[in-house]
Amino acid sequence: PYLEIIENPKSRGFRFRYTCEGPSHGGIPGGSSDKNKKTFPAVKICNYQGYARIVVQLVTNEENPRLHPHSLVGKQCQNGICTVQCGPKDMTATFPNLGIQHVTKKNVATILEERYIAAEMQLSSINDGFPQEDRKRISVKATSEAKSIDLSVVRLMFIAYLPDSNGAFTIMLKPVISDAIFDSKAPNAATLKICRMDCNAGSASGGDEVYLLCDKVQKDDIQVVFSEEDMQGNNIWEGYGNFSPTDVHRQFAIVFRTPQYRDVDIKQPVNVQVQLRRKSDHEVSEAKPFTYLPNKSDLELIDRKRRKPMPDFVDHLGNGNTGGYSFAAGSNVQQSYNFSSSPAGGDNGGGKVKEARRPPAKQQNPQKGPMDPTMLLKLNRIKTEPVSWAKWAERNSTALHDYSITGDVRMLLVLQRHLTSIRDHSGDSVLHVAVIHDQLEVLSSLLDVVATLDNKQSIVDAINKQKQTALQVAVLTDNVEAVIDLIKMGANPLILDSYGNHSIHVACRHGNASILYHLLNSKQLDIMQMDMKNHDGLGCFHLAAKASQGTRQCLGLLKSNNFNVNMADTKSGRTALHLAVEMDNLVVAGCLISECDADMEAATYEGYTPLHVAASLGLCEIATLLLACGADPDASTSPP
DNA sequence: CGGGAATGCAT
DNA sequence: TATGCATTCCC
């Protein structure tokens, strides 16, 4: 005969209870237990029929199990041990009401001692106590073992006894031991759970910051795992959220950066899973969805614009298409096309110049009817003089001749100067377009004719749909010459794009010192405006520190233009030096300290100095640098 | 049962 | 002495 486990206890999610919490808190569920169908641990005696006794007690989760000081409590339990009868027909025994009582730490040794004594009494037939030396021996053993026992995990040891010829249950079958049961209240075994995320989508290139609220975790023993399954449910990709222990807030929140997806160039959104994973035992939380989106950086949009097929002049022969360009809906300027470039009177002048179609009336905004032409002209401050068709044609042909003589395209452009305010479907003006396509000569010519307009400032500073000025596009594409030209024409470097970045921010982010230099030299800049934080809460020093190149020169320029090197970012109070340390960038950190006079003791909202950050990330070199430069090794994390 | 306050322990 | 978290207790 032998004893066999037919239902193991559930490993996780059961809470051990202290004596003070009272007995009845529900029993250990079975491994296959679920909400609608509860099961319990159970064993079966095989190859035997008749009465039997089964004893259950707690043992450690070790290769060689030891008695555990916790107690089994419940119906048939006494002194931490559960004893039941079974048979003679049904040889299974189920245990529906087993509780685990948590011994307090300081009682471990005492309880263990009792257990050992009880066990020895069982084995030996001595009933009248032990000699003093045995007591002593057991006490010493209990004290020494007490230290090494893990109170957060137990296993059930089942021992079956069959009756001997006297009917006494003395025939012991081989003990069987269950799977481990972990205390769900123990910090290192608690159930992992994602409660909330501030965002569930991000760029395929990763690096997006996510705030995740969770049930209690241990900051040194937790990971955020991104994973993807194929149709068959096989795991085909895994990435890890990027954070350090200091990014785990009070055990209940994690601020991390998303990992790069396996394919940065996805064309469609990809759905993956996020879950928490405990490093020590590989336990995971339930997964939550996360979507990787195709990269849509500003640069990529520009790249897309560049890849559009080149127009051909024969497209403009007047067969009803405009060469693929549509005009920005709702823009007033498009209507001005008719009035400022066509002969007075608005007849179509024999079709020599193709006239833009009037856009369909704007449906979303029906009360806004077609605008009175004179009002329109006023609004656009477009100077027009009524000219006859003949006069208009004469001007054009003269211009064309002059162009033939000089090769100076401005001869032609000047007649179209009012059209420079027209935008395409991306909201780009001709200035944007010239910059995007790196047409420096064109840009220069356009700027020359724009300069003759009264509203030249608004044309130079026009923004597209991403709220970028032509100057911003030039900065974004590292086009120094274009930047110089635009600045010369008075372009405003402080206009904010949709991320709250002005041109100086972008130059810093790109680490383009040459462009930064020219931007900083444009006229009438106010340091207050220049040294602003963008929508990510970062200032110029932060962006320059994070740049992958040109950092030193940019930092130097910022410093000499009185930018604040100690500016704290809005989200967490980190300075540029904190960022440099986080990136483990010795060069940038050194430059910030020695050349920009960065404050070594600047503290984040949580009170971390750069040295704290270095220490928590285990960055020896950079910590050494900070110390060598005089950082305070005793700085506390709680400023007064 | 589960949430969480109170207490204790290790720095 | 104060903090951060584990342990214990309470509801």
Side-chain angles (χ1 to χ4, degrees), chain A residues 9-30 33-41 58 60 68-75 80 95-112 143 146-154 181-196 213-222 243-255 276 278-281 283 285-286 603-609 611-613 615-618 632-640:
Chain A
K10 210 188 234 345
S11 255
R12 308 250 168 206
F14 183 75
R15 181 160 145 188
F16 303 177
R17 295 288 177 169
Y18 288 86
T19 320
C20 63
E21 295 185 273
S24 50
H25 290 285
I28 306 165
S33 194
D34 83 1
K35 224 167 201 140
N36 354 1
K37 206 179 155 208
K38 293 195 194 275
T39 69
F40 298 98
L58 297 175
T60 58
H68 201 288
H70 289 347
S71 294
L72 273 174
V73 290
K75 249 199 202 136
F95 300 84
N97 204 321
L98 289 179
I100 295 173
Q101 194 170 84
H102 197 301
V103 64
T104 63
K105 263 189 156 174
K106 63 177 173 207
N107 288 337
V108 173
T110 320
I111 302 283
L112 268 186
T143 318
K147 293 173 205 150
S148 63
I149 286 180
D150 183 347
L151 298 180
S152 70
V153 54
V154 298
I181 306 167
F182 295 90
D183 180 9
S184 71
K185 188 74 167 180
N188 63 359
T191 313
L192 298 173
K193 183 176 171 189
I194 294 174
C195 304
R196 183 182 285 214
L213 305 192
C214 52
D215 277 359
K216 193 185 255 188
V217 296
Q218 292 176 301
K219 63 179 185 298
D220 296 304
D221 191 24
I222 192 71
F243 64 95
S244 77
T246 49
D247 296 316
V248 177
H249 180 76
R250 298 275 192 274
Q251 304 190 287
F252 290 101
I254 304 173
V255 180
L276 295 172
R278 189 156 44 220
K279 293 186 212 166
S280 56
D281 59 9
E283 276 297 297
S285 71
E286 274 186 20
T604 65
Y605 293 164
E606 293 178 287
Y608 296 124
T609 63
L611 183 57
H612 285 131
V613 175
S616 111
L617 290 170
D632 176 9
D634 302 319
S636 96
T637 52
S638 49

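The figures that follow rest on heavy atoms only: side chains count, while hydrogens, waters and symmetry mates do not. Reminder, nothing fancy here: chain letters follow the sequence lines and each chain counts from 1.
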Novice: Which whole number of Å gives the distance between the P atom of dT8(C) and that of dC1(B)?
Specialist: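 Looking at atom P only, dT8(C) and dC1(B) are 23 Å apart.
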
Novice: Of all nucleotides in DNA chain B that come within under 4.0 Å of a heavy atom of chain A, which is furthest toward the 5' end and which toward the 3' end?
Specialist: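 Listing 5' to 3', DNA chain B meets chain A from dC1(B) to dG4(B).
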
Novice: Going by the rule side chain to side chain contact (heavy atoms under 4.5 Å, CB included), which residues pair with Ala109(A) if we only count those two or more places apart in sequence or in a different chain?
Specialist: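 Expected list: Ala146(A).
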
Novice: Ignoring hydrogens and geometry beyond distance, is a side-chain donor-acceptor pair present between Asn107(A) and Thr104(A) at under 3.5 Å?
Specialist: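 The answer is yes; a qualifying pair exists.
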
Novice: Heavy atoms under 4.0 Å is the rule here; annotate nucleotides 6-11 of chain C 5' to 3' with B where the base is hit, S where only the sugar-phosphate is, and - elsewhere.
Specialist: SSBBB-

Novice: Got a sec, which residues hit side chain to side chain donor-acceptor pair (under 3.5 Å) with Ser280(A), two or more places apart in sequence or on another chain?
Specialist: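 If we apply the side chain to side chain donor-acceptor pair (under 3.5 Å) test to Ser280(A), skipping adjacent residues, the hits are Asp221(A).
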
Novice: Can you sort out the partners of Asp150(A) under salt bridge (charged side-chain N to carboxylate O under 4.0 Å, His left out), two or more places apart, ordered by chain and number?
Specialist: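 With neighbours one apart ignored, the set is empty.
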
Novice: Got a sec, which residues hit side chain to side chain contact (heavy atoms under 4.5 Å, CB included) with Ser33(A), two or more places apart in sequence or on another chain?
Specialist: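 With neighbours one apart ignored, the set is Pro29(A), Lys38(A), Thr39(A).
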
Novice: With sequence neighbours left out, write down each residue that passes ring-ring contact (aromatic ring centres under 6.0 Å, His included) with His102(A), or none if nothing qualifies.
Specialist: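 Expected list: Tyr18(A), His70(A).
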
Novice: Can you sort out the partners of Thr191(A) under side chain to side chain contact (heavy atoms under 4.5 Å, CB included), two or more places apart, ordered by chain and number?
Specialist: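 Listed in chain order: nothing, the list is empty.
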
Novice: Just to verify, what does Glu21(A) make a salt bridge (charged side-chain N to carboxylate O under 4.0 Å, His left out) with, not counting sequence neighbours?
Specialist: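 If we apply the salt bridge (charged side-chain N to carboxylate O under 4.0 Å, His left out) test to Glu21(A), skipping adjacent residues, the hits are Arg15(A), Arg17(A).
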
